[in-house]
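Some notes on the structure that comes next.
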Number of protein chains: 2
Amino acid sequence: MFSQAEENYLKAIYALEIDTGKGVSTNLIAKKVLSKASSVTDMLQRLAEKELVIYKKYQGVKLSDKGRKIASNIVRKHRLWETFLVDKLHFSWDEVHDVAEQLEHIKSEKLIQQLDSFLEFPTHDPHGDPIPDKDGNFTKRKKIKLSQLNENEQSILLGVEDSSDNFLKYLNKKNISIGNTIRVLSKEPFDNSMEIEIDNTQFSITEEVATNLLVKA
Amino acid sequence: MFSQAEENYLKAIYALEIDTGKGVSTNLIAKKVLSKASSVTDMLQRLAEKELVIYKKYQGVKLSDKGRKIASNIVRKHRLWETFLVDKLHFSWDEVHDVAEQLEHIKSEKLIQQLDSFLEFPTHDPHGDPIPDKDGNFTKRKKIKLSQLNENEQSILLGVEDSSDNFLKYLNKKNISIGNTIRVLSKEPFDNSMEIEIDNTQFSITEEVATNLLVKA
DNA sequence: TCTAATTTTTAGATAAGTCTAAAAATATTT
DNA sequence: AAATATTTTTAGACTTATCTAAAAATTAGA
Ligand SMILES: [Mn+2]
Ligand SMILES: [Mn+2]
Ligand SMILES: [Mn+2]
Ligand SMILES: [Mn+2]
C-alpha cells in the first residue's frame, strides 16, 4: 500500500500536529525524521499528489482525513507491538522503541486484530501513551507533573514527559514504572527536589525528574 | 545491515541450493523471486561484491559461508514467526506465510531470542519444516510419502510436499494437521486412492493427496 | 562440429528516496 | 520600508532496485 518512508512521514506529521496543535513546517518534519528540508519538500509533494496531506508551497502541511487515518493506524501498531514486547517477551520499556519502529510497518489486518486480542485490548502502551483504536480514537487521561503534587499527596504514575533512552534507563534503575503509586514525603524549597516513596522504599529525586513524571490528575 | 531485497535473494538461493543440491542458475532465481533474469544478474553482482555469494559470469552462483549464515537466519526467523502466528495468534497454517515474509526481515537479536524462548524452542514450523538454530543447523527427520504405506500401517504426519494455499486449505477443511496419526485402512489398486483414518474418522483421499503428505519413516 | 535455441549479461530507462548547493519566498530587524 | 536572516523550494546528482531490448555466451541438436 504505502512505503515505509511514506508511513514514517505521515506518522511524523501526525505527532507534530498533536503537539503543536496546528499545521507543521518543513523544517520540523526534517528534524523529526532525521532528514534534510529538501527531502521533506520532495516527499510532501508526493504525499499531496496522493491526497494524504494538504500542502501549499511555503505554507506548511496538514494531514488529510485519509492521511490521519493511516498515521493513527501506524501509531496503533507501534504501541501494540511495544506492549507485546514488554508484556510477553520481557523487554524493558527502554528497549522496545526501535524494534517497534520496524514492526509498525508490517501489513496485516488480521495480525493486528489478533495481537490486540492476545494482549487483551490494552488501552495504553508501556510508556503510558494511549493506543488508538481502528478509527484513530483514544481517550486522553488527565495527567499532571509529579512536581505539582504537595507534601503528603500521592498519585499513580501514568506516563513520562521525556521518553529518551537515558531517562527510561534511569527510571528502570530506580525501579520506577507505570502504574506505581508515588507519595510525596517532602519537598525541598532550596532546589525543588523531593523525597518520595514507592512500594515502601523512599528516596529523593531532582526537580528535573519530578517534572518529567506524569501522574493521575 | 542488508536490505530486504538482498535478504530475499539470499533466501531464494539458499532454498534452491538445498533442493537442487548444487549451484543455482540466474533463471531459477528469477522464477523464485518473481523478477527478471537481468535483475537477478544485477543483484548477483552486488552480492558477490559484498562476498555473500560466489559468482562467476554464466556459471551460476553459490552462497558463501557468510551468505549462507544470513540466509539460514532469515529462514529461522520466518519459521519462528509462522509458529508464533499459529500457536499464539490462532492463525491457520495456510494464512501465515505472507505475514512471515514480512516479519522475517525485522532486525533484532533480542527479539528473535525472546520469541524462540516464548515459543519454548520449537524445532519445526506449522508446515513441518525444521527451524534452523543460530548457526544454521537443523536436523532432518526421515519422512516418506503417505502413499508408500501399506494397508493397515500407520504413521505420524510430519509435513507436506506441496505447501500451496490450495492444498493447505484442503487439509484444513478435512481437519488434517501436522502431528496427526494416520492409519491406512485400504488402498484401491484401480486409482491408488486410499481410505484412511484420523482421530477415529474415516475418509478417502486421492493418490495426488497421498503423495503430498509426508509421514514419519 | 557447426548451427540453432536457450540462457545470461549488458546497455539504457525509470522510480523512490536521499543529498548538496543555489535560488526563491517569507519573516525579522533595524 | 529596506535590508538582512531564515526557511523553503528547485536543480542536479547519486544509490538501489527494477524493467525491456539487444548482445554475448553457453548448451543442445542435427
Ligand atoms: Mn515508541
Ligand atoms: Mn511508546
Ligand atoms: Mn512460509
Ligand atoms: Mn513454513
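Sequence lines set the chain letters: A, B, ... in the order given, protein chains first and strands last, and positions in each chain run from 1.
- Taking every nucleotide of DNA chain C with any atom under 4.0 Å from a non-hydrogen atom of chain A, the first and last of them, 5' to 3', are C/dA16 to C/dT26.
- For B/Asn27 and B/Ser25, the side-chain atoms include no donor-acceptor pair closer than 3.5 Å.
- Checking A/Gln4 against B/Gly60, the closest nucleotide of DNA chain C that is more toward the 5' end is the one next to B/Gly60.
- Across all non-hydrogen atoms, the minimal contact from B/Glu208 to B/Asn212 is O-ND2, 3.0 Å.
- For the side chain to side chain donor-acceptor pair (under 3.5 Å) test, residues two or more places apart in sequence or in another chain that qualify with B/Lys110 are A/Glu95.
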task = Run the numbers on A/Glu161 and A/Lys145 for salt bridge (Lys or Arg N to Asp or Glu O under 4.0 Å), then give the verdict.
result = CA-CA 8 Å; A/Glu161 189 77 83; A/Lys145 290 166 185 294; 3.0 Å; yes
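- Applying the side chain to side chain donor-acceptor pair (under 3.5 Å) definition to pairs two or more places apart or across chains, none involves residues 53-63 of chain A.
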Tabulate atom names and distances for all N/O pairs under 3.5 angstrom spanning the protein and nucleotides 24-29 of chain D.
| unit_1 | atom_1 | unit_2 | atom_2 | d |
| --- | --- | --- | --- | --- |
| D/dA25 | O4' | B/Tyr58 | OH | 3.3 |

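- For A/Asp133, the side-chain contact (heavy atoms from CB on, under 4.5 Å) partners two or more places apart in sequence, or in a different chain, are A/Asp135, A/Asn137.
- Among residue pairs with one or both ends in residues 36-46 of chain A, none qualify as side chain to side chain donor-acceptor pair (under 3.5 Å); sequence neighbours excluded.
- Of the residues in residues 34-44 of chain B, B/Ser35, B/Lys36, B/Ser38, B/Ser39, B/Asp42, B/Met43 come within less than 4.0 Å of DNA chain D through at least one heavy atom, sorted by number.
- In this structure, the CD atom of B/Gln45 is 14 Å from the P atom of D/dT18, given to the nearest Å.
- For B/Tyr9, there are no ring-ring contact (aromatic ring centres under 6.0 Å, His included) partners, not counting sequence neighbours.
- For residues 4-16 of chain A, the set of pairs meeting the salt bridge (charged side-chain N to carboxylate O under 4.0 Å, His left out) definition, not counting sequence neighbours, comprises A/Glu6-A/Lys50, A/Glu7-A/Lys107, A/Lys11-A/Glu101, A/Lys11-A/Glu104.
- Rounding to the nearest 0.5 angstrom, the gap separating the OG1 atom in A/Thr206 from the CG atom in A/Asn192 is 10.5 Å.
- Side chains of B/Lys143 and B/Val215 form no contact here, defined as non-hydrogen atoms less than 4.5 Å apart.
- Residue pairs meeting the side chain to side chain donor-acceptor pair (under 3.5 Å) criterion with at least one partner in residues 63-77 of chain A, sequence neighbours excluded, are A/Asp65-A/Arg68, A/Arg76-A/Asp116.
- Among residues at least two apart or in separate chains, ring pair (Phe, Tyr, Trp, His ring centres under 6.0 Å) pairs with a member in residues 86-133 of chain B are B/His78-B/His97.
- Contacts of residues 13-20 of chain A with DNA chain D (heavy atom under 4.0 Å): none.
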